[in-house]
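This report concerns only the one structure given below.
Keep in mind that what you see is a predicted model, and the values were worked out from it rather than measured.
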Amino acid sequence: MRGLLRRAVGIIAATAAVLSIGAIPVQADTGGATVTALGEPLHNLAVYGAVFGSGPDGHDYGYLVTRGNPGALNVVDTATGRLTASFELPGAAGSWGGAVVDDGTAYIAADAKLFRYRPGADHVEDLGVPLPGETTAWRAATDGRRVFVGTYPGGKLYSYDHVTGRLRDYGQVAAGEQYVRSVAVARGKVYAGLGTTAKLVQVDIETGARQEIPLPEQYRSETFVYDLNAARGHLVARLANSNRMLVYDLGTGRWVADLGTGKGVDASPADSAGNVYYVASDGRLTSYNLRTGAVRATGLAGMGTARGFGWTHLGTSEFPGRTLVTADISAHLTYYNPATGASKVVSTGVQGRPAQLQTLHTGPDGKIYASAYPSGGLTGYDPATGTFQENPVIGQVEGFGTWRGKIYAGVYPGAHLYEFDPSSPVVKGSNPREFTALTSEHQDRPFAITGAGDRLAVGTIPEYGQLGGALALVDPATGDKNVYRNVVPDQSVSALAYTGGLIYGGTSVWGGLGSTPTQTEAKLFAFDPATGTKVWEGVPLPGEKAITKLVVGPDGHLWGGTSGTLFEFDPASHAVLRTIEIVPFDWNVDHVWRSVHLAFAPDGSLCGNFRATIACVDTTTGSVQTLVTDADDVWTMGSDGTIYFGRGSELYRLDRS
């Protein structure tokens with residue numbers, strides 16, 4: 001067959017249409033499944049956003065949001081470093097920030113929602129979803145009375161008036177930009193940091209008038225103005241992907257300093273001498289003087305990202321007057337006193353949260369492996385004992401594959417690739433071990449992984465704002481790789497299978513978040529790894545925009561899945577033999593990279609999830625047995641045919657009758 005397809009290159013155009021023999025109507029059977037909750041495989045202690053302020057009694061507090069399912073607001077007394085209260089945030093998994101208004105009330109922007117907490121209260125107020133359709137609130141800032149929040153995917157800015165409760169939608173800040181990633185307030189203006197083309201835009205609070213502040217020319221190809229803080233007539237901005245930190249003088253309208261690279265995600269409010277503090281890329285707490293431009297590394301080193309800065313009062317000889325305080329991702333507070341140079345790190349007692357399942361995979365040892373969003377991890381569930389083994393050794397896994405007795409994981413961001421030997425103990429840094437990354441090829445999310453002869457094949461989604469995924473052929477032993485970008489122009493590689501010496505790939509018309517598709521239909525292609533060439537391409541299902549899974553059947557035919565439809569494809573004739581609709585799907589969505597998992601059960605039926613629906617198909621008759629209609633798109637089949645799937649942070653087992 002391999003030779004036949006190679007010879008076909010000369011007579012079949014690479015963009016040939018797929019021959020479709022016809023759809024077969026089917027009747028669904030909706031019975032016969034037992035679902036059992038197994039527990040929560042992954043937990044994490046992760047603070048992505050923290051804000052500090054004083055309550056009405058003058059006492060200082062930190063508000064740390066731990067990510068989970070759901071997330072939680074943790075109130076910390078910064079004078080002691082102790083946790084005083086913790087409240088779940090219903091309907092929200094986490095937060096990148098909030099703001100404390102003049103009377104000490106804290107506002108937390110979490111996912112699509114806005115929450116309010118008044119110091120000393122026994123509950124958090126859920127203010128709902130201010131802008132329906134906006135799924136993510138990023139950073140927040142305040143002028144003391146109003147809270148300003150930037151959003152995705154509409155790239156909008158809104159304000160909430162603490163006194164009147166009035167909501168104002170400023171609309172999309174800049175045409176075509178989906179992210180308002182950072183927000184700062186100064187002198188009657190809101191400053192919005194945008195992406196996925198990095199821009200800084202000034203918005204007049206009263207009139208809504210906009211004015212772009214051009215970035216320095218050498219930084220105009222950056223992806224995001226990722227962080228933004230205002231201090232005494234200046235803005236401190238951190239750009240992504242370079243992590244360069246720049247200072248802008250609002251009075252002169254000039255960029256006045258380039259501070260090198262920093263860790264983010266915040267710079268501090270200024271101290272009495274005009275210093276703002278940030279964490280440099282070497283992990284040192286560093287100050288920049290807004291008056292003189294002097295940069296000075298403090299004696300405090302070994303820091304990670306600062307999830308928020310504030311000032312507090314400890315009232316000791318070692319920490320007199322005002323002391324700088326910041327939270328890290330693990331909910332530790334770090335204190336630094338500018339007068340004495342004293343510093344300390346305090347554990348707050350904040351607890352971790354159950355983490356949302358991102359990926360499931362059945363290993364060659366029969367265990368079910370899970371990773372979480374966005375904290376990652378690699379938990380093994382043993383069906384024989386019903387026990388979990390949590391291992392926080394790896395980042396957010398987008399896709400798994402098994403090859404030659406090893407498990408391979410593609411990790412976001414930067415498309416890092418890891419090998420894990422399940423027969424050996426888990427050791428952070430060596431098992432799993434990273435063997436290469438596709439970061440330099442501008443790839444971000446490796447969803448599709450399969451063995452392809454003597455190499456591993458990986459299909460990816462590109463980084464933010466870009467089109468053009470890649471097919472990578474990698475030797476895990478050496479890390480050597482060949483990367484083929486735009487195998488199908490402007491499309492991502494979202495599904496892979498290997499048969500007959502050829503790699504078959506399915507595509508998605510969507511690229512990285514913030515990009516706009518130029519294509520309208522997903523493609524199926526055949527690629528010869530021996531020659532590094534695409535030998536065939538076609539459209540298996542007209543109108544479908546993403547093929548997210550391919551598997552090889554016992555007869556050598558390919559079965560592919562979109563968000564609602566199965567198709568059977570004959571590699572020899574390039575014909576679609578059947579299409580079977582499992583659930584209807586409207587492609588009017590933001591993006592689809594992953595929506596289907598498929599596997600053949602021991603009885604020969606083809607089972608999988610189609611977004612929220614789990615179903616099994618008799619491949620002889622085409623009849624469909626619908627089993628579950630409220631699952632997340634996290635799914636795998638055990639070695640004995642048992643189905644495992646996720647809902648939020650919970651793992652479930654599904655047994656067919």
Under the side chain to side chain contact (heavy atoms under 4.5 Å, CB included) rule, what do Val149 and Leu157 come out as? Steps first, then yes or no, please.
CA-CA 6 Å; Val149 180; Leu157 176 72; 6.0 Å; no

Inter-residue atom distance [X].[atom1] - [Y].[atom2], 0.5 Å rounding:
{"X": "Ile329", "Y": "Thr66", "atom1": "CD1", "atom2": "OG1", "answer": "11.5 Å"}
{"X": "Leu235", "Y": "Asp249", "atom1": "CG", "atom2": "CG", "answer": "9.5 Å"}
{"X": "Ser86", "Y": "Arg353", "atom1": "OG", "atom2": "CZ", "answer": "6.5 Å"}
{"X": "Asp60", "Y": "Arg322", "atom1": "CG", "atom2": "CZ", "answer": "9.5 Å"}
{"X": "Ser159", "Y": "Asp143", "atom1": "OG", "atom2": "CG", "answer": "8.5 Å"}
{"X": "Leu246", "Y": "Leu215", "atom1": "CG", "atom2": "CG", "answer": "7.5 Å"}

What I want to find out is whether [X] reaches [Y] closely enough, with some N-O distance under 4.0 Å, to be called a salt bridge.
{"X": "Arg445", "Y": "Glu463", "value": "no"}
{"X": "Asp633", "Y": "Arg594", "value": "yes"}
{"X": "Arg139", "Y": "Asp227", "value": "yes"}
{"X": "Arg307", "Y": "Asp266", "value": "no"}

Check for a donor-acceptor pair, side chain of [X] on one end and backbone N or O of [Y] on the other, with a separation under 3.5 Å.
{"X": "Asn74", "Y": "Val350", "result": "no"}
{"X": "Asp444", "Y": "Gly414", "result": "yes"}
{"X": "Thr359", "Y": "Val397", "result": "yes"}
{"X": "Ser375", "Y": "Ala372", "result": "no"}
{"X": "His234", "Y": "Arg232", "result": "yes"}
{"X": "Arg168", "Y": "Ile205", "result": "yes"}
{"X": "Lys263", "Y": "Met303", "result": "yes"}
{"X": "Asp271", "Y": "Asn275", "result": "yes"}
{"X": "Thr164", "Y": "Arg166", "result": "yes"}
{"X": "Ser268", "Y": "Val276", "result": "no"}

Could you check whether [Y] and [X], counting side-chain N and O atoms only, form a donor-acceptor pair closer than 3.5 Å?
{"X": "Gln172", "Y": "Glu177", "result": "no"}
{"X": "Tyr219", "Y": "Arg244", "result": "yes"}
{"X": "Gln466", "Y": "Ser515", "result": "no"}
{"X": "Gln396", "Y": "Glu398", "result": "yes"}
{"X": "Asp103", "Y": "His162", "result": "yes"}
{"X": "Arg238", "Y": "Asn243", "result": "yes"}

How far apart are the closest heavy atoms of [X] and [Y], and which atoms are they?
{"X": "Pro130", "Y": "Tyr158", "value": "CG-OH, 3.4 Å"}
{"X": "Ala331", "Y": "Leu45", "value": "CB-CD1, 4.1 Å"}
{"X": "Ala137", "Y": "Ala109", "value": "CB-CB, 3.7 Å"}

Using the rule given for salt bridge (charged side-chain N to carboxylate O under 4.0 Å, His left out), can you reason through Asp161 versus Arg145, listing the C-alpha separation, both sets of side-chain angles and the distance that settles it, and then say yes or no?
CA-CA 6 Å; Asp161 191 307; Arg145 168 173 169 163; 3.0 Å; yes

Would a 4.5 Å heavy-atom cut-off, applied to side chains only, mark [X] and [Y] as touching?
{"X": "Tyr179", "Y": "Thr151", "value": "no"}
{"X": "Pro153", "Y": "Thr135", "value": "yes"}
{"X": "Thr439", "Y": "His416", "value": "yes"}
{"X": "Phe52", "Y": "Val100", "value": "no"}
{"X": "Leu42", "Y": "Leu378", "value": "no"}
{"X": "Ser182", "Y": "Tyr226", "value": "no"}
{"X": "Tyr63", "Y": "Val75", "value": "yes"}
{"X": "Thr340", "Y": "Pro320", "value": "yes"}

Report the C-alpha separation of Val183 and Trp138 in whole Å, then their side-chain angles, then the decisive distance to 0.1 Å, and conclude whether the side chain to side chain contact (heavy atoms under 4.5 Å, CB included) test is met.
CA-CA 8 Å; Val183 180; Trp138 292 110; over 6 Å; no

For [Y], does the six-membered ring have the charged nitrogen or CZ of [X] within the cation-pi criterion, i.e. under 6.0 angstrom from the centroid and within 45° of the normal?
{"X": "Lys344", "Y": "Phe319", "result": "yes"}
{"X": "Arg116", "Y": "Tyr107", "result": "no"}
{"X": "Arg67", "Y": "Trp96", "result": "no"}
{"X": "Arg647", "Y": "Tyr652", "result": "yes"}

Using ring pair (Phe, Tyr, Trp, His ring centres under 6.0 Å), reason through Tyr117 and Phe87 one step at a time and then give a plain yes or no.
CA-CA 10 Å; Tyr117 177 72; Phe87 307 96; 5.3 Å; yes

[atom1]/[X]: more than 12 non-hydrogen atoms of other groups inside 6.0 Å:
{"X": "Glu217", "atom1": "CD", "answer": "no"}
{"X": "Arg220", "atom1": "CZ", "answer": "yes"}
{"X": "Glu212", "atom1": "CD", "answer": "yes"}

Should the ring pair Tyr464 and Phe224 be called parallel, tilted or perpendicular, given that the plane angle runs from 0 to 90° and is split at 30 and 60?
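Rings of Tyr464 and Phe224: perpendicular, over 60°.
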
Quick one: do Glu40 and Ser649 satisfy side-chain hydrogen bond (donor to acceptor under 3.5 Å, both in side chains)? Show the steps, please.
CA-CA 6 Å; Glu40 294 170 323; Ser649 58; 3.0 Å; yes

Please evaluate residues Leu513 and Trp593 with respect to the criterion side chain to side chain contact (heavy atoms under 4.5 Å, CB included), reporting the C-alpha separation (whole Å), side-chain torsions for both, the decisive distance (0.1 Å), and the verdict.
CA-CA 11 Å; Leu513 292 176; Trp593 299 322; 3.6 Å; yes

Quick check: Tyr288 with Tyr278 (ring centres under 6.0 Å apart)?
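Ring-ring flag for Tyr278/Tyr288: false, centres at least 6.0 Å apart.
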
Please lay out, stage by stage, how Tyr191 and Lys189 fare under the test side chain to side chain contact (heavy atoms under 4.5 Å, CB included).
CA-CA 6 Å; Tyr191 295 88; Lys189 315 290 185 186; 3.6 Å; yes

Check the pair Tyr152 / Asp590 against side-chain hydrogen bond (donor to acceptor under 3.5 Å, both in side chains), numbers first and verdict last.
CA-CA 11 Å; Tyr152 166 87; Asp590 180 69; 3.0 Å; yes

